[in-house]
Number of protein chains: 2
Amino acid sequence: MGVKSLELDERKLKILKAIIRNYLETGEPVGSRTISKYTDLNLSSATIRNEMADLEELGYIVQPHTSAGRIPSDKGYRLYVDDMMKEKEQEVSGKEKEVEEMKEFLIERVDKVELLLQQMAKLLAENTNYATMITAPQYNKNKVKFIQLSRMEAGKLLVVVVIDGNIVKNTILDVEEEMTDETLLQLNMLCNTSLNGLSLNEINLGVIAKLKEQAGIHREIVGSVLDAVADAITVDDDLEIYTSGATNIFRYPELSDQEKAKNLIGAFEEKELLTNLVQESLDKEDRQGIQVYIGSETPVQMMKDCSVVTATYELEEGVKGTIGIIGPKRMDYEKVVNTLKTLTAQLDNIYKKT
Amino acid sequence: MGVKSLELDERKLKILKAIIRNYLETGEPVGSRTISKYTDLNLSSATIRNEMADLEELGYIVQPHTSAGRIPSDKGYRLYVDDMMKEKEQEVSGKEKEVEEMKEFLIERVDKVELLLQQMAKLLAENTNYATMITAPQYNKNKVKFIQLSRMEAGKLLVVVVIDGNIVKNTILDVEEEMTDETLLQLNMLCNTSLNGLSLNEINLGVIAKLKEQAGIHREIVGSVLDAVADAITVDDDLEIYTSGATNIFRYPELSDQEKAKNLIGAFEEKELLTNLVQESLDKEDRQGIQVYIGSETPVQMMKDCSVVTATYELEEGVKGTIGIIGPKRMDYEKVVNTLKTLTAQLDNIYKKT
DNA sequence: GATTAGCACTCTACCCAAATGAGTGCTAAC
DNA sequence: GTTAGCACTCATTTGGGTAGAGTGCTAATC
């Protein structure tokens, strides 16, 4: 409380917040009488009405129709969220039950990151009753860690490339020429000594030329191997996105009419549409990686009737991903922000310990 | 036409079919007057009414309410579909426009099967206006083809297992003991000679014991490697399922009320629920791999208001997957069955040529 | 015996009017 | 500056009334 606004005095702020809180709970337009009782201001409904008229003029609340109560505008929500965030800034996010539950779950041995994330999205959706999305971590600084060439069968060469983060990628090459175990061993050593520790940018023409020169008659094979390596360390442009709880939108009447539902669920199905969201939130990273998009602020047009909260997590240095929660504008921002804060923090810790 | 039924004479059959066809087109209950004009039987509506009463008693059609026309029951659809299938049996499925389009698309070089299937599902959904699902191919007869152990860095052993169908799987092992390049080479040879060509069932205790014996002091490592191999050749129990066009259900009023839509889309999100469907259709494979489930016949309870048509495709010997199309009971069975028939056929051909 | 015309009956869908009630804006009094 | 009071607005609900589609049944016809 007590954060000054440029145009709002203390009382107006208090009323605005009361309106928003009430609306978050009920989902129904809130009238002056309700506020008059709801707050500790001890003001009559008439006074509240006057203040509300002001608030409306300033654009913080709107009336769905003439004789209805008020609901918050995007601007109103924005103020509320910013204010709320400032208040909570210094608070240490206390342990919450859901996160506890989630931690327990995470500790079970899960081999594959994908599976983990998929299940995390599901759990998050179940706990929050909103729709969720989690992107697989993006390995931005991919460097070659280890290369292994082996002859699988006649004419087939298996190339295994391990990159930072112990990601393993394979390619099977068709090779014309036969070669001895000897030369294969030499090629292996050659590739490893020349390429290990290098990123995509660092493998320039000079390196390639030198490598090919050293390879002598096997320059062709080296060429193919280099392609495979390049493929391996190139950042996947179509990143994996795991989603869950899309059907949760049916819990909120303001989102569940035919048209809106179709749009939203469509956006969840066409995952490419979500990439904007991911990019945006990776770029604008501040506030501990948490971003709140309200209504038309969202980078994804199809979600203009929703609010979206995104958080960035980081498994290891440079290995980042995004978690997003999509719900109605009247979502419980505090809970969502807190959950995301603790979740990303825990995710970081837990994963490093495994 | 002209397929005798146990309880229906020629005329009743004709009327039933007329009712169903009409309903497929309009989606509205069809009345006696409509049929009286629609058919070439030249019967008055009154006569039709009598026949309809019979058909209803026999369970082929139902009335949504007393004074409405009739709509087909599941039993009615069943008869229609079976009959239709018999008629088309000998017909060579002519080239259809959509499949042509699809073929063109498939020919573009697509590296990853996953991506191909994902896009195929999408294309299929767009062309049919139903919801679609495609499972990644299941490699049922997994046999070890090649094993490669290599020391990645100190204490880390990279195990690469290639199985039938050139599927490559990797595991990174932590190993205590150091070993020379020599022993590593020997272990490699040992594993390959002992295990290549074997399937999960064939790697029994005898093989394992013999292998461990030969490994001598490295029996522990062999144990870990065996685990990795077992992991690799075990059929993925959670198979990948690609879906698309879930929002198409909103095109059909009878499926798009809140409750039904939520269920259906939920089923599409929780892909595990779809595995029943896949199993069932892989088991009951007849009729060129095409199965039609009408309403409550479906193995997935949540789809009891829909019809589901599944087809099995086979990329290589023993490498099978399932394609499913989910739509309203009044889906265009003929078109769907034909599309699936040609698609699976083409898929087979095209893939083998690449 | 099968077919048909005719009629009473049943239900849904739609429209319209009135009643309800939540909530406002404004004015006048405190 | 605050409040009580009142007239007004508008979405929502309610109920009745009608139109229309379609049936089932009966009696007449072929």
Side-chain angles (χ1 to χ4, degrees), chain A residues 7-16 18-23 25-73 76 253-254 256-257, chain B residues 7-16 18-23 25-73 76 253-254 256-257:
Chain A
E7 9 180 47
L8 299 184
D9 58 32
E10 193 87 4
R11 195 170 76 177
K12 281 198 174 57
L13 242 183
K14 214 161 177 176
I15 291 173
L16 177 57
I19 293 172
I20 296 181
R21 277 213 202 88
N22 202 289
Y23 183 67
E25 277 174 29
T26 65
E28 308 251 291
V30 8
S32 54
R33 227 180 103 74
T34 313
I35 297 301
S36 148
K37 283 183 288 183
Y38 195 80
T39 58
D40 51 350
L41 287 169
N42 273 67
L43 292 174
S44 77
S45 62
T47 315
I48 304 288
R49 271 204 290 285
N50 289 330
E51 296 287 48
M52 277 166 117
D54 291 356
L55 283 170
E56 178 158 25
E57 203 170 338
L58 291 168
Y60 291 98
I61 51 182
V62 288
Q63 255 180 317
H65 58 263
T66 328
S67 74
R70 309 301 215 287
I71 64 176
S73 68
E254 67 265 45
S256 43
D257 70 280
Chain B
E7 11 180 46
L8 299 184
D9 59 29
E10 193 87 3
R11 194 171 75 175
K12 281 200 174 57
L13 241 183
K14 215 161 176 176
I15 292 173
L16 177 56
I19 293 172
I20 296 180
R21 276 212 205 88
N22 202 288
Y23 184 68
E25 275 175 30
T26 64
E28 308 249 294
V30 6
S32 54
R33 227 179 103 72
T34 314
I35 296 302
S36 147
K37 283 183 289 183
Y38 196 82
T39 58
D40 50 351
L41 288 169
N42 273 64
L43 292 174
S44 77
S45 61
T47 314
I48 304 288
R49 271 204 292 286
N50 290 329
E51 296 288 47
M52 278 166 117
D54 292 354
L55 283 171
E56 179 159 20
E57 204 171 336
L58 291 168
Y60 291 98
I61 51 181
V62 288
Q63 254 179 318
H65 58 263
T66 329
S67 73
R70 308 301 214 285
I71 63 176
S73 68
E254 67 265 44
S256 43
D257 71 280

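Note on naming: letters A, B, ... go to the chains in the order of the sequence lines (proteins, then strands), and numbering restarts at 1 for each one.
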Quick one, give me the B/S/- string for nucleotides 23-30 of chain C, reading 5' to 3', where B means a protein heavy atom under 4.0 Å from the base and S means that only happens at the primed atoms, P, OP1 or OP2.
-> SBBB----

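One atom, NE2 of B/H65, and another, C1' of C/dT10, lie 9 Å apart when rounded to the nearest Å. C/dT3 atom P lies 7 Å from atom CD of B/E51, rounded to whole Å. Rounded to whole angstrom, the span from the CZ atom of B/R11 across to the C1' atom of C/dG1 amounts to 12 Å. Here D/dG1 presents its P atom at 10 Å from NZ of A/K12, a figure rounded to the nearest Å. Rounded to whole Å, atom P of D/dT2 lies 12 Å from atom CG of A/D54.
For A/Q63 against A/A68, the heavy-atom pair with the smallest separation is NE2-O, 3.1 Å. Nearest heavy atom pair, residue B/L43 against residue B/S36, reads O-OG, 3.1 Å. Across every non-hydrogen atom of B/G59 and B/S73, the tightest pair is O-OG, 2.6 Å.
Every residue two or more places apart in sequence or in another chain that forms a side-chain contact (heavy atoms from CB on, under 4.5 Å) with A/E28 is listed here: A/T26. Legend: residues meeting side-chain contact (heavy atoms from CB on, under 4.5 Å) with B/S44, ordered by chain and number and at least two apart, are B/A46, B/T47.
Ranking C/dT12, C/dT4, D/dA4 by closeness to the B/L43 side chain, first place goes to C/dT4.
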